[in-house]
Amino acid sequence: MRPIIALADCNNFYVSCERVFDPRLEGKPVIVLSNNDGCVVARSNEVKALGVPLGKPIFECQDLVDKHHILLFSSNYTLYADMSQRVMSILDEYTPEMERYSIDEAFLSLSGMSIDRTEYSREIRETVKRSTGIPVTIGIGPSKTLAKVANKIAKRTSSLRGVFDITDHPKIEDYLAQIEVGDIWGVGYRYSEMLQENGIKTALDFTRADDIWVQKRMTIRGLMTLKELRGEPCIPFEDAPPPKKGIISSKGFGIETERKDDLKEALADYTAQAAFKLRRQKSLCSVIQVFIQTSMFKAQGKYAGGISVRLPVPTSDTGVLTQAAYQGLERVYRSGYAYRKAGVMLTEIIPESAFQPDLFGTTLSSEKKINLLHAMDALNTRFGRKTAQMVAAGTLKLWGMRRSKLTPRYTTAWEDLPVAKAC
DNA sequence: TCTGGGGTCCTAGGACCC
DNA sequence: TCTGGGGTCCTAGGACCC
């Protein structure tokens, strides 16, 4: 059966989430900032029109912010994750197979469905909007890459009312000619430069490139992108995402610190978060990598250190992993530096079921301890990440994030529920 | 002067995505 | 003053082996 794939993409997702809970933001220029209020990670259409690029440090945009009264928000991932869950569960009802691609995007299989795809997609869109307040755009095509292209066209053409089906479209070449090569999914900054130097400026030009040449310059992935644009699906549809091969937890601090104890607190906190994700996917890891660094943007006093610590047996025990992280820290820590960031990465991940205890039945953790961890996970899943945590993660958090423009946790904390006032 | 060929494994680095 | 966090995949090159 020929695949037909729809890509549903939430418009300006983080900004839209903020707008759901404060409709006064509608029509106003809004920016959502990264952790520590550092960079622009989401922009309303009004801000995009002003030419503010994604990823720009906000202090470099101060003039525009002042001039156009742009409203700034710290990122509120708890809220966005919860809104994402609501959107995804609605999308899921409209297809036998869905691939959650990111927090704000999902591929839906429409293969073999006898429907008017455009009408059907409009209905999906309206239901999501009505139930969650989030606006969604849907692009449809015979491959993921063409669904992405169709989505882009739908976003920039308001007369399409949020849905575009490029499958077997008679003017497909005209549309591909309107897509800049750097806007193709899978073609980033580097390849975009390289292709343009070789006279390939649009998606249409790219479809006419030589297969061997493309593979040589852009690896097998580039060739897959090329074929997908020609309508030949190469990137598989992944109904159930494979377990993660590495789990990272790292964050910049709100302040600089030289103190090893602050780094220990931070690492304990990040390790707990990573171990939680590890247990959630029912896996164990054999290696924890630890890294710490100063700001990399200054001229002097820079330092970055990282090291791997191997566990005696695979584990997902927060306590064991935290002790290993501390060992790693002892080896990479240098006094006299102003640290800005730390992190851990869990690797060599295997499923819990694959673990063979050795001849003596060695495990690092008693059954009691594992039960305690699962109980903590359940609490944290239900009531928020910091409900139950190890004392080692600290309670002062001098190094914690700066989030000066944070909105309330409208949907996930009772005390932050929005209040409806009678007039 | 001459100094094989092929396989595997590992790592670092580079590209991409949101 | 202020510069995110979390992932994936591919390739080249070196080490090592027979």
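Chain letters run A, B, ... following the sequence lines, proteins first and then strands; every chain starts at 1.
- Among the heavy atoms of the strands, none lies under 4.0 Å from Lys144(A).
- Across all strands shown, Lys56(A) has no heavy atoms under 4.0 Å from either base or sugar-phosphate atoms.
- The C1' atoms of dC16(C) and dG4(B) are separated by 16 Å, rounded to the nearest whole Å.
- Within 4.0 Å (heavy atoms only), Lys298(A) reaches no atom of the nucleic acid at all.
- Salt-bridge annotation for Glu238(A) and Lys144(A): absent, with no side-chain N of the basic residue lying under 4.0 Å from a carboxylate O of the acidic one.
- Taking the six-membered ring for Trp and thresholds of 30 and 60 degrees, His169(A) and Phe164(A) have ring planes inclined between 30 and 60 degrees apart.
- Salt-bridge check for Arg208(A) with Glu173(A): passed, with a basic side-chain N closer than 4.0 Å to an acidic carboxylate O.
- Between Phe59(A) and Pro243(A), it is Phe59(A) whose nearest contact on DNA chain C lies nearer the 5' terminus.
- Using a 4.0 Å heavy-atom distance criterion, Lys277(A) is classed as a sugar-phosphate-only contact.
- Nucleic acid contact for Ile235(A): none, since no nucleic acid atom lies under 4.0 Å from a heavy atom of the residue.
- Checked against the 6.0 Å centroid criterion, the rings of Phe107(A) and Trp185(A) qualify as a close aromatic pair.
- No engagement by Arg403(A) is indicated, since no non-hydrogen atom pair under 4.0 Å with the nucleic acid exists.
- Contacts of Ile103(A) with the nucleic acid, taken as non-hydrogen atoms under 4.0 Å apart, are absent.
- Under the 4.0 Å criterion applied to side-chain N and carboxylate O atoms, Arg280(A) and Asp377(A) are not assigned as salt-bridge partners.
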For this session: Go through the steps for Asp239(A) and Glu99(A) under the test side chain to side chain contact (heavy atoms under 4.5 Å, CB included), then give the verdict.
Result: CA-CA 5 Å; Asp239(A) 206 352; Glu99(A) 177 184 337; over 6 Å; no
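- When heavy atoms are screened at a 4.0 angstrom cut-off, Gly343(A) is found touching no nucleic acid atom at all.
- Among the protein residues, Asp37(A) comes within range of no part of the nucleic acid, since none of its heavy atoms lies under 4.0 Å from any strand.
- At the heavy-atom level, Ser249(A) lies under 4.0 Å from the strands shown only through sugar-phosphate atoms.
- Mapped onto DNA chain C by nearest heavy atom, Ile248(A) and Ile220(A) fall at different nucleotides, with Ile248(A) at the one closer to the 5' end.
- Tyr339(A) and Tyr303(A) have perpendicular rings, their planes meeting at more than 60° on a 0 to 90° scale where under 30° would count as parallel.
- In the 5' to 3' direction, nucleotides of DNA chain B lying under 4.0 Å from heavy atoms of chain A begin and end at dA15(B) to dC18(B).
- Partner assigned to dC17(C) is dG6(B), using Watson-Crick or G-U wobble distances below 3.5 angstrom.
- Nucleotides dC2(B) and dC18(C), compared at atom P, are 29 Å apart to the nearest Å.
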